[in-house]
Amino acid sequence: MIKCLKSLSTQLKLKVNSSFRPYGQCVACLAGFRGHGLCDGCFGDLPVNVDQCRRCALPLAMPAGDSMVCGDCIRQLPPFQRVIAPWRYEFPVNRLISRYKYSGQRALGKPLIDGLVRQVAEEMEREPGRRPDVLVPSPMHPARQRRRGFNQAEDIAESVSRAIGVPWSVTLVRRRQKVAAQSELDRAQRLANLRQAFSVSGPSPGRVAIIDDVITTGATARTLASVLSQAGARHVEIWALARTPL
Ligand SMILES: [Zn+2]
Ligand SMILES: [Zn+2]
């Protein structure tokens, strides 16, 4: 009996040890890590998007109060009301996201997704009037999604949905199969082309949060927001893991 218990506890210890042992190097400092791609020190050093435009979450170089708005948003009011992007798209966030997206190492997206979920939950509790009716993951070209095996925006939307109890939809906005190659077009043509790339399946609920992994130029986010506004959305927010500095 004792022998049996002892063997059981050894088995348990082995199981516990194997699930917690470092299984790779920290993507930032190459030390051993215990999960999700980062050692504890590097997780604490992640570039948090503290000073940002209140409207589009663009990282700003100087300390910004809660009401600071960037030059772009002053020149032309964006078609969305708010952006939530807790991280700056800099090392090692950029490396975590590209491994998450392109190498299928989905665990590496977890610490960043957790950060987004935390911030979204806090903001919705503080301002319940902003709570969306639906989450819309930024749609990926179907052929690309087949190649990659998953759409990271859907992955993120699922986690956010579970945390705040708001449904997500992949049918409200779809990406069309064929559009002209963006690289051959000038800026105005590119924007028109991008609009053509999305089709909305019906009237949009009033409050929508578009979910994406990274906001770079913001062109896709703006286009999706205006396509949804035309379909009836009155309040559109963009929720992403990270925002690229200028
Ligand atoms: Zn590290
Ligand atoms: Zn801005």
Side-chain angles (χ1 to χ4, degrees), residues 20-100 103 105-116 119-120 123 127 130 132 138 187 191 194 208-229 233-246:
F20 282 96
R21 75 163 186 242
Y23 52 85
Q25 290 177 310
C26 169
V27 292
C29 73
L30 306 183
F33 71 86
R34 285 171 180 258
H36 309 318
L38 288 175
C39 68
D40 291 346
C42 290
F43 181 75
D45 286 345
L46 282 179
V48 178
N49 193 9
V50 177
D51 297 310
Q52 52 168 278
C53 167
R54 179 185 159 76
R55 185 115 184 177
C56 76
L58 182 75
L60 300 171
M62 61 183 99
D66 280 352
S67 57
M68 183 79 95
V69 176
C70 77
D72 281 355
C73 288
I74 291 170
R75 271 190 297 277
Q76 193 181 20
L77 211 57
F80 46 76
Q81 275 67 35
R82 285 287 275 278
V83 172
I84 297 179
W87 313 104
R88 291 185 177 208
Y89 193 64
E90 292 167 355
F91 182 81
V93 168
N94 51 5
R95 192 174 287 184
L96 285 170
I97 291 180
S98 70
R99 286 209 193 169
Y100 164 57
S103 312
Q105 293 177 281
R106 290 167 82 167
L108 300 191
K110 180 105 180 23
L112 305 179
I113 295 173
D114 287 351
L116 174 65
Q119 189 171 337
V120 162
E123 292 197 19
E127 299 172 81
R130 285 170 55 199
S138 182
R187 191 172 178 278
L191 285 176
L194 202 51
V208 183
I210 295 163
I211 311 288
D212 216 340
D213 56 334
V214 183
I215 301 170
T216 311
T217 63
T220 305
R222 279 167 200 265
T223 308
L224 272 174
S226 61
V227 164
L228 283 161
S229 301
R234 297 180 313 279
H235 181 97
V236 180
E237 300 204 6
I238 319 285
W239 297 351
L241 304 180
R243 180 82 163 91
T244 310
L246 276 183

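Atoms within a ligand are numbered from 1 in the order they appear, just like the ligands themselves. Hydrogens, waters and symmetry mates are skipped; everything else that's a heavy atom, side chains included, is used. The chain is numbered in sequence order, starting from 1.
Of the possible donor and acceptor atoms, one in the side chain of Asn49 sits under 3.5 Å from a partner among the backbone N and O of Ala57.
Rounded to 10 degrees, the SG-metal-SG angle spanning Cys42 and Cys29 at the Zn ion (ligand 1) equals 110°. Taking the Zn ion (ligand 2) as the corner point, the angle from Cys53 atom SG to Cys73 atom SG is about 110° (rounded to 10 degrees). Vertex the Zn ion (ligand 1); arms to Cys39 SG and Cys26 SG; angle rounded to 10 degrees, 120°.
Remark: Asp114 CG is packed, more than 12 non-hydrogen atoms of other residues, nucleotides or ligands lying under 6.0 Å away. Residue Glu127 qualifies as enclosed at atom CD: its count of foreign heavy atoms under 6.0 Å is above 12.
In this structure, CZ on Phe43 lies 8.0 Å from CG on Leu112, to the nearest 0.5 angstrom.
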